Amino acid sequence: MRTQAPAPPRIDLRSDTFTQPTPAMREAMATAPLGDDVFGEDPTVCELEALAAETLGKEAAVLVTSGTQGNLCSLLAHCGRGDEVIMGHLGHTFLYEQGGSAALGGIHPRTVPNQDDGTLRLEDLAAAIRADDPHFPVSRLIVLENTHNRRYGSYLTPAYTDTVAAFAHEHNLKLHIDGARIFNAAVAQGVDVKELVRNADSVTFCLSKGLSAPVGSVVCGSADFIRRARRARKVLGGGMRQAGIIAAAGIVALQQMVDRLADDHANARRLATGVAAIPGFAVDLSRVQTNIVYIDVVHSDFSAADVAARLRQHEVGVFDTGPRRLRAVTHYGIEAADIEEAIQVFATVMA
Ligand code: TLP
């Protein structure tokens with residue numbers, strides 16, 4: 001039984017999911033008009049969904065509880081039982097969503113290699129598409145991830161995404177984007193987020209990561225697709241009642257928290273260069289594009305778990321994501337001074 005919440009590290013670089021809502025969000029949540037959203041009667045949810053659809057350049061949107069639920073609703077809306085979804089072997093949907101599409105939807109996952117920049121090669125995608133043959137499942141969908149969590153927070157460009165969308169459509173497939181951090185991708189490239197999804201059939205983005213809202217993600221796509229995604233959300237138990245209390249924070253997130261992601265990217269770069277200069281650590285600086293930094297522990301006496309534990313003793317939180325690899329994520333609430341302090345702590349634990 002969980003009785004007492006453990007205290008988080010003071011400088012918490014474990015994930016941007018640890019962000020706290022801003023004062024403006026708390027105020028908006030306290031005063032939002034509410035209704036029963038399962039009946040479409042929550043004005044604040046309707047407002048958020050309209051704002052999200054407009055911001056992403058899609059016809060419609062649906063508020064979901066999490067990125068995991070958004071991706072699963074999308075896969076269930078695009079695919080039926082026995083269909084196949086093609087995705088990267090390091091994709092969040094493949095690795096970290098409990099295999100939900102297979103477990104709950106009977107959708108067969110097929111992986112192709114993620115390149116270091118998060119892309120999937122067209123030749124690998126082409127080789128993965130099934131022939132029309134009763135031995136095979138039916139290829140139905142491609143999933144891209146932008147930014148790519150396990151591939152260093154790399155962003156995908158509008159041109160690359162358009163190419164994959166055209167390829168998918170040529171082969172009668174759909175394209176879904178796991179855009180949990182798509183606003184980081186947009187800000188890092190200085191492009192309108194619409195350009196990153198303009199030819200995709202659907203996208204999930206998270207309100208509760210860098211955008212700092214306490215709960216929620218949004219799925220966007222055509223009106224017909226969103227109708228099916230909304231049905232999927234209901235069967236997954238995601239029909240929420242007075243959900244405007246969550247949506248209110250999401251509206252503030254979209255209106256006020258996008259441009260400041262540039263600060264997180266600057267902080268990530270400073271952290272990366274600072275830690276790269278400490279003997280015992282290695283960082284591929286060419287890969288640091290957004291708010292995620294992967295740090296390799298090259299000192300042979302320590303594992304990544306050892307280093308994470310020592311950092312934690314000094315009130316710095318990171319996740320070990322492999323035997324010799326750490327991940328640090330910058331976000332709202334982490335200031336430039338915190339980064340300088342964290343770099344000092346990295347040096348101390350390695351001394
Ligand atoms: N990622 C979390 C953890 O699951 C590891 C993190 O700390 O990075 N897509 C991507 C690309 C994600 O990074 C995540 C969460 C999700 C989907 C799932 O979102 P939630 O946690 O809201 O279900």
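Order of appearance sets the numbers: ligands from 1, and atoms from 1 within every ligand. All values reported here derive from a predicted model rather than from experimental measurement.
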Could you list which atoms of ligand 1 come closer than 4.0 Å to a heavy atom of S66? 22 (O), 23 (O)
Taking atom types as modelled, find out whether D224 and S222 have a side-chain donor-acceptor pair closer than 3.5 angstrom. no
Of all protein heavy atoms, the one nearest atom 22 (O) of ligand 1 is G67 N, 2.8 Å
Would you say the side chains of N184 and D264 form a donor-acceptor pair under 3.5 Å? no
Polar-atom distance check: Y96 versus ligand 1, any N or O pair below 3.5 Å? no
Hey, what's the ring geometry for F18 with F319, parallel, tilted or perpendicular (30° and 60° as the breaks)? tilted
Just heavy atoms, cut-off under 4.0 Å: does A180 contact ligand 1 by side chain, backbone, both, or neither? side chain
Atom 3 (C) of ligand 1: closest protein heavy atom, distance to 0.1 Å, is H92 NE2, 3.8 Å
Quick check on E97 - does any of its heavy atoms sit under 4.0 Å from an atom of ligand 1? yes
Looking only at side-chain N and O atoms, does D201 offer a donor or acceptor that is under 3.5 Å from a partner on H169? yes
At under 4.0 Å between heavy atoms, is it the side chain or the backbone of D178 that contacts ligand 1, or both, or neither? side chain
In T111, L125, I86, V164, the residue satisfying side chain to side chain contact (heavy atoms under 4.5 Å, CB included) with L120 is L125
Aromatic contact, F167 with H171 (centres under 6.0 Å): yes
Any side-chain heavy-atom pair from R287 and Y294 closer than 4.5 angstrom? no
Pick one of side chain, backbone, both or neither for how R327 approaches ligand 1, counting any non-hydrogen atom pair under 4.0 Å. side chain
For the 3.5 Å polar cut-off, considering only N or O atoms, please tell me whether Q69 and ligand 1 meet it. no
At less than 4.0 angstrom from any non-hydrogen atom of S15, what atoms of ligand 1 do you find? 6 (C), 7 (O), 8 (O)
Do the side chains of L271 and L13 get nearer than 4.5 Å, heavy atoms only? yes
Using a strict cut-off of 4.0 Å, indicate which atoms of ligand 1 neighbour a heavy atom of T68. 18 (C), 19 (O), 20 (P), 23 (O)
Closest candidate by heavy atom, reference atom 15 (C) of ligand 1, pool E145, H148, R14, K209: K209
